[in-house]
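A quick write-up on the structure given underneath.
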Amino acid sequence: MRINLASARLALVLIAVLVLYLVLSAVIPQRDIAEDQIINWREYLGDNYIVIEKLGLDRIYYTPTFFIVLGLLAVNLAFGNIRRLRTVSKVGGTLLKTRHVGSIIFHLSLILIMAAIILNFLYKYNGVLAMTEGQTLIDRPESYHREFCGPLYIDEYDRFRISLISILNNNKDRSGPGESALIIVQTGSSSVEKEISTNHPLKRRGLEFHYGLKSGYSPEVLLTDSLENILFHSFVRIANRKENREQFHRDFIVVPENNIHLEIEVKTDREPDIEYRIRAIQDSVVLFAGLMIPDDTVTFDGYKLSIPRLRQWCYIDVVKSPFLNLVFFGFWSALAGLTLSFVGRLKRVKEA
Amino acid sequence: MSSAQAILFWATTLTLAVAFFAGLLSLIFRKPGAFRWGVCLSLAALALLTVFGIVRWIQTGHPPFVTLFESMVTAVWFALLIFHLMRVRVMIIPVLLPLSLVSFLLMGWASSMPTAASPLSDALDNVWLFIHASFATAGAAAFLVAASFSTIFLLGESRYDGMARLAVRMPAFSSLPRTVLNFLIFGLILWGVMIVSGAIWAHAAWGRYWAWDPIELWSLISWLLYGLVLHSKLGWKLSHRAFCLMTIIAALTVVFALWGVGYVYETIHEYG
């Protein structure tokens, strides 16, 4: 059987397969997107869940078959346009009608979008910095809380040095963690200071610095022994942990020399009622369990634990999307093509 | 919702219900006068809804696109506007029936949502919100109008001829699929602008233009589904009946993408 790569029927089949894939991805929870639901599905399906994993249905957007469908669609669009150009030039001479031009622009733009999205996926970079007020970090692997890189992205560290001056709460009515961050970014010999917030990133030499989706308070924790020796002294950025499906803002500090395990959980993260639930354990014996607020000091078993002050912390996303402009150019040209095609169609109806 | 807004909202809902029943009665008893009343009432509903939108805009300080309630009401406004703009050129009175019914149902659904105005959060404080949200509601309205035309076509030629006797300047029954097709392409453009502007906005806000959020995903599914319907019609010469039926099915995915996803999934689009 001869397959016509330019055929409209092939396009229909491919679009239908793409729709089917997307509906499947909407029903079956996808990795990195709906982790909570994946736990539910695993519990519900038990060992049968392995079938979903084997078929790659829990990561549809990264399966080879998904890319094959997109690739075939691009080929079909390209061949379809070539055939359309040939047919139109044969029938109507060299002069193309508005609707033909619009349709060709639209379909070529779709190819451009697909190519740009794939290129962007291959070369993208997204690093998440977790920073506390007053902290300075250099662009190095150990500075990042998390990093997501495209398969073809080549590590380029030491691109910048970033200082988080302060986190600001612009809305005086709200008493929660801040909504914007004042940062200084130094690239090469030049540095720039800017307040970044949602919708207002800092763009610098191909990198974008976005104010992250999470922020909170870091208590300064000071633990000393009976001889006033400092056992632990640092700001603790309390992590968001999940245990038995419940969210906790909880962190642990371990002092190996004394085998002390400090558990700090946020009880209230809103000023002025910030409170922490603290448990100090040594050799499985609970030495202290109680609530502490900033400026509190407690003593137990010869140890002194205090929270002298608070600082705010936030995530700062460092983003590099080298082909983003090409993606957006494709989007707009596709819409322009579709509009031209629509206008041409209306004109034809009017003439008829 | 302030008392002025509540009065305007319920007056609109009631007017739409009466417009639907006027159309229905005229169809049953073959009274052209009742149809004309229905059209006038739907125009009154549009005027009331316009005033409602202005009052809410003034009282909240932002256009009525932010909450689910506002997006539903705005979609009804766009659908009524398209209907009455079209009415200037051709009498499309039969469309009044499905359109006023769907609009009434949407208003009823909207009333079950939290109606309190939501302040603009940092993420929403962007010019792209207005482009994104207005094109989303306008696109949904265009698809709903296309679905209304499809419904009329599916009722059959004899019923349509019966309705045609009630008005002058009615388009030919055979031209209805073409009108559906035009609205479908128009909706595709608007829906496309909605997706693109949403991507640009998401990049400005969070540094990523696409996150496979359920609303993003279902919007893309409905856009592709309309693409499929369009190509089936143009490339495969799908029958008019099948085409109209598919348009209605695709409209359901639009309704789900815009207003139903929040019932099933957790989504970052839940601002209201």
Side-chain angles (χ1 to χ4, degrees), chain A residues 7-9 11-12 15-16 18-19 22-23 25-26 29-30 32-34 36-37 60-61 80 103 106 110 113 117 120 124 126 148 170-171 173 179-180 197-201 208-213 317-321 324 327-328 330-332 334-336 338-339 341-342 345-346 349 352, chain B residues 119 121-129 175 178-179 181-182 184-186 188-193 195-197 199-214 217-218 220-225 227-232 234-238 253 256-257 261 264-266 268:
Chain A
S7 122
R9 288 188 184 190
L12 282 176
I15 297 172
L18 198 57
V19 170
L22 294 180
V23 171
S25 76
Q30 300 294 296
D32 301 329
I33 298 170
D36 297 3
Q37 288 167 41
I60 281 176
Y61 315 126
S103 172
F106 172 69
L110 288 185
I113 292 169
I117 285 175
N120 205 54
K124 75 170 179 183
N126 184 3
F148 309 96
N170 300 327
N171 189 341
D173 297 336
E179 291 152 343
S180 67
S197 61
T198 308
N199 283 317
H200 303 285
E208 290 181 15
F209 298 85
H210 288 262
Y211 186 68
L213 283 173
D317 293 324
V318 183
V319 179
K320 188 174 184 177
S321 309
L324 188 73
V327 175
F328 288 149
F331 278 162
W332 290 121
L335 287 170
L338 200 58
T339 311
S341 171
F342 180 59
R345 190 178 164 75
L346 287 181
V349 170
Chain B
S121 64
D122 282 356
L124 294 173
D125 190 11
N126 190 314
V127 70
W128 287 105
L129 161 73
S175 72
R178 199 174 57 205
T179 312
L181 195 64
N182 284 340
L184 197 150
I185 301 174
F186 184 49
L188 265 175
I189 296 169
L190 299 176
W191 204 246
V193 175
I195 292 173
V196 173
S197 55
I200 294 171
W201 178 19
H203 182 77
W206 303 297
R208 87 285 180 284
Y209 60 90
W210 194 263
W212 296 110
D213 177 72
L217 181 57
W218 277 101
L220 183 65
I221 288 172
S222 43
W223 195 81
L224 284 171
L225 205 56
L228 192 69
V229 175
L230 181 72
H231 283 81
S232 306
L234 296 176
W236 208 351
K237 305 293 176 207
L238 195 71
T253 64
F256 180 70
V261 166
V264 184
Y265 302 92
E266 279 179 26
I268 53 165

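Labels below follow one simple rule: chain letters A, B, ... track the order of the sequence lines, proteins then strands, and each chain is numbered from 1. Any value given below was found using the heavy atoms of this structure, including those in side chains, with hydrogens, waters and symmetry copies removed.
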For Trp218(B) and Leu22(A), run side chain to side chain contact (heavy atoms under 4.5 Å, CB included): C-alpha distance rounded to whole Å, both residues' side-chain angles, the deciding distance at 0.1 Å, then the answer.
CA-CA 8 Å; Trp218(B) 277 101; Leu22(A) 294 180; over 6 Å; no
Closest-packed option against chain B by number of heavy-atom pairs under 4.5 Å, given Val319(A), Leu338(A), Val327(A):
Leu338(A)
Return the minimal non-hydrogen interatomic distance between Ser321(A) and His203(B), and the atom names on each side.
OG-CE1, 4.1 Å
Take the angle between the ring planes of Phe328(A) and Tyr209(B) and call it parallel below 30°, perpendicular above 60°, tilted in between.
perpendicular
What pair of heavy atoms forms the shortest contact from Ile15(A) to Leu224(B), and how long is it?
CG2-O, 3.7 Å
Below 4.5 Å from any heavy atom of chain B, which atoms of Val318(A) appear? Answer side chain, backbone, both or neither.
neither
Which answer fits Ala26(A), side chain, backbone, both or neither, if we ask what part of it has an atom under 4.5 Å from a heavy atom of chain B?
both
Among Leu18(A), Leu324(A), Asp317(A), residue most engaged with chain B (heavy-atom pairs, under 4.5 Å):
Leu324(A)
Under a 4.5 Å heavy-atom cut-off, does chain A meet the side chain of Leu188(B), its backbone, both or neither?
both
Is Phe106(A) in contact with chain B via its backbone, its side chain, both, or neither, using a 4.5 Å heavy-atom distance?
side chain
Taking the side chain as everything from C-beta on, heavy atoms only, tell me whether Arg208(B) gets closer than 4.5 Å to Asn126(A).
no
Residue Ala199(B) versus chain A: region with a heavy atom under 4.5 Å:
both
Looking at side-chain heavy atoms only, is the closest gap between Trp201(B) and Asn199(A) below 4.5 Å?
yes
With only heavy atoms counted, which part of Ser7(A) is less than 4.5 Å from chain B, the side chain, the backbone, both or neither?
neither
Between Gln37(A), His210(A), Glu208(A), the one whose heavy-atom pairs under 4.5 Å with chain B are most numerous
His210(A)
Would you check if Ser341(A) and Ile185(B) make a side-chain contact, meaning some heavy-atom pair closer than 4.5 Å?
no
Atom of Ile221(B), atom of Val19(A) and distance for their closest heavy-atom approach:
CG2-CG1, 4.2 Å
Check each atom of Trp210(B) against the heavy atoms of chain A and say whether the ones under 4.5 Å are side chain, backbone, both or neither.
neither
Please classify the contact of Leu225(B) with chain A as side chain, backbone, both or neither, using a heavy-atom distance under 4.5 Å.
both
Heavy-atom closest pair (Ala204(B) atom, Pro201(A) atom, distance to 0.1 Å) is O-CD, 3.7 Å
What part of Trp191(B) lies closer than 4.5 angstrom to a heavy atom of chain A: side chain, backbone, both or neither?
neither
